[in-house]
Structures are given as structure tokens and as C-alpha cells.
Amino acid sequence: MRILLADDLAFTDAFEAALRAREPDVELYRWPSLPDDGHFDVLLAWCLPDGLRRLPDSLAFVFCFGAGADQLLSDPRIPSHVPIARLVDENQAAQIADYAAHVGFARLLDQVTVKEDQARALWSEADGPRRTRDQLRVAVLGLGHIGARVASELARLGFSVQGWSRSHKSVPGVETFAGEDGLVTAVEAADVLINLLPLTAETEDILSQKLFARLSSGAYVANLGRGGHLDEAALLGALESGRVGAAWLDAFRQEPLAPDHRFWSHPRITITPHLAGIPTASGAANSLADCIDAFRRGFPLPNLVRPGRI
Ligand code: OXD
């Protein structure tokens with residue numbers, strides 16, 4: 001089986017070694033190197049390289065080297081009969097849970113206000129006892145593999161967690177909601193909002209002025225989904241009014257974020273360059289190997305985002 005690796009993160013000896021430990025007989029090519037006849041069976045990519053204009057008829061499936069596959073699902077170069085499966089890596093999910101916990105703890109201390117006061121040498125004493133974790137409402141949007149892990153980890157840490165997804169899911173320790181009405185209830189008076197939804201026509205711009213208006217005053221917002229989820233003007237307005245106290249942004253409509261983008265210099269925005277969860281060599285290789293095993297046995301691929309037709 002020939003696999004075209006078209007993502008720099010897979011160009012590592014550790015990834016190749018972990019994959020070969022499970023699939024010793026695969027032939028690996030690192031884009032832009034291709035087999036002489038141009039044929040390969042599996043394409044691994046997060047986003048198709050510009051130079052890869054046509055995919056061969058031999059292509060059996062695409063393996064999305066990331067948690068979100070919208071950028072592949074909308075790519076017309078991938079014929080609709082070709083299945084797309086995505087990577088599922090517990091280590092990546094754990095990193096994202098750490099990021100979300102960081103935002104939760106930052107809200108407990110109101111870290112952004114503390115830093116602003118410090119910059120002004122302002123000794124501003126607390127006017128009451130600090131809140132405890134169970135008094136902090138955290139809303140997690142998206143309860144897929146990563147969202148469910150994040151929500152249950154935050155609940156395990158003692159935060160009061162509400163989770164929302166389009167269809168009903170249950171997550172131990174988490175109060176879950178679904179559907180349009182459920183969204184309003186899930187985010188009502190939330191102190192922290194963590195977005196982990198997939199980007200679809202329904203979820204585009206979901207982080208809107210209307211949604212921010214439901215949060216508790218000074219809420220911290222983390223967009224760990226896609227730039228397309230965020231109405232940027234609405235966020236700036238909510239920061240201005242104080243409805244949102246601070247934002248952590250990891251994904252942007254255009255990546256890298258343009259150097260003159262307003263977000264860079266905003267004192268209440270923290271920018272992380274799409275690093276909330278980086279697939280690990282072993283997690284990614286095992287996830288791909290699970291797909292190869294299933295394909296060889298004629299079973300449906302695990303973690304399909306588009307079934308296609310094998
Ligand atoms: C993604 C990822 O899909 O980082 O954005 O995995």
C-alpha cells in the first residue's frame with residue numbers, strides 16, 4: 001500500500017517508525033515526492049497542497065491529519081466517492097483539555113484584569129471572597145471526541161460544566177443540552193465559553209453578538225474550533241462592552257493571521273497560532289494504522305467524516 005504524506009508534521013522519523021511498527025509493508029512518500037507512476041492509495045493531509053492538482057484513480061481514502069476536516073470536505077479535488085477519515089489522538093485531545101483548563105483557571109483569577117492593574121501599578125483589593133471552581137460555569141460547545149474529553153476533564157477538575165452539541169450526547173459529570181433552545185440554556189450565564197464545534201453551514205458565525213449577550217458579564221471565551229465560527233466584529237464589541245472579559249483565539253479565518261490584524265494588539269485577546277492540540281507521532285500513526293487495518297479487512301473506516309464508497 002502506498003501512502004502519500006502531505007503534512008510536515010508527518011515528516012518525522014518518529015511518525016514513520018510508529019506507523020511501520022503497525023504496518024511494516026507500507027510505502028511512504030513525502031510530498032512533493034511521488035511514486036514514478038503517480039499512483040498512491042492513501043493521502044494523508046490536513047489541507048491539500050496547492051500543487052497537488054489531480055488525485056489518482058487509485059486513491060482509496062484520505063486521512064485527515066487533524067481533528068477538523070472541513071478544509072478537506074470542501075475541497076473539490078477530492079472526488080465525492082473517496083471516503084475521508086480523520087485522525088483521533090487521545091494525546092491531542094488531552095492538550096486541548098489543558099488549554100481549556102488554563103482558560104478556566106485564568107477566569108477564576110481574572111488574570112487579564114490582574115495584568116492590566118499591574119501595568120498601572122494599581123493595588124485593587126478584592127471586594128469579596130474569590131469564587132471556587134464549582135461556582136464557575138463553563139460552557140463547552142461541541143461534544144465530539146475532543147469536546148467530550150475537554151468537558152469531562154473540566155468537570156473532573158471541579159468546574160460546573162454545561163455541554164452543547166447538535167444532537168443529544170451524554171458525558172459523565174456534565175450537564176448536556178442539544179438543539180437551538182438547548183444552546184441558549186447551555187451558555188446562559190456562562191463564565192467561560194469554550195468552542196470546539198466542527199465548522200459547518202449551521203455553526204458558521206455561531207460565536208455571535210446574540211450568543212455573547214447570554215454570557216455572564218466579563219466571561220472568558222476560547223475559540224479552539226475554526227476562525228469561521230467567530231463573528232470578529234461581535235467579539236470586539238463584546239470586549240468593548242465588558243460582556244466578554246477576555247478571549248483566547250487559536251483558529252482564524254485566515255492563517256497565519258495577517259500581521260496588521262486588530263486582534264494582535266488587543267490587550268484582552270491572547271493569540272495562539274493553532275497550537276491548542278498538536279497530533280503526536282504515536283497517536284497519529286496509530287489512528288492511521290486503524291484505518292489501514294479496517295480498509296484491508298473490508299470494514300468501514302473508523303472516524304469517518306465522509307463515508308464515500310470503497
Ligand atoms: C485541526 C487540528 O483540525 O488542529 O484544526 O487538528
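The structure displayed is predicted, hence computed values, not measured ones. In each ligand, atom 1 is the first atom listed, and ligand 1 is the first ligand listed.
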4.0 Å heavy-atom contact, Q71 with ligand 1 = no
Given D250 and T272, is the side-chain hydrogen bond (donor to acceptor under 3.5 Å, both in side chains) satisfied, shown in steps?
-> CA-CA 5 Å; D250 189 60; T272 51; 2.7 Å; yes
Compute the shortest N/O to N/O distance between P279 and ligand 1 and return yes if it is under 3.5 Å, no if not.
-> no
Judged by modelled atom types alone, do H261 and Q254 share a side-chain donor-acceptor pair under 3.5 Å?
-> no
Are D8 and R30 close enough, and set up right, to give a salt bridge (Lys or Arg N to Asp or Glu O under 4.0 Å), and what steps lead you there?
-> CA-CA 9 Å; D8 293 5; R30 291 183 183 183; over 6 Å; no
For H274, the ligand 1 atoms whose distance to one of its heavy atoms is below 4.0 Å | 1 (C), 2 (C), 4 (O), 5 (O)
State if W46 counts as touching ligand 1 under the rule of any non-hydrogen atom under 4.0 Å.
-> yes
Over 12 foreign heavy atoms within 6.0 Å of CD, E180 = no
Contact with ligand 1 for R86, non-hydrogen, under 4.0 angstrom = no
Quick check: are there more than 12 heavy atoms from other residues, nucleotides or ligands sitting under 6.0 Å from CG of D13?
-> no
Pull out every atom of ligand 1 sitting under 4.0 Å from any heavy atom of A67, numbered as shown with elements.
-> 1 (C), 2 (C), 3 (O), 6 (O)
Atoms of ligand 1 under 4.0 Å from any heavy atom of G66, numbered from 1 in the order shown, are 3 (O), 6 (O)
Mark yes when over 12 heavy atoms from residues, nucleotides or ligands other than R297 sit less than 6.0 Å from its CZ; otherwise mark no.
-> no
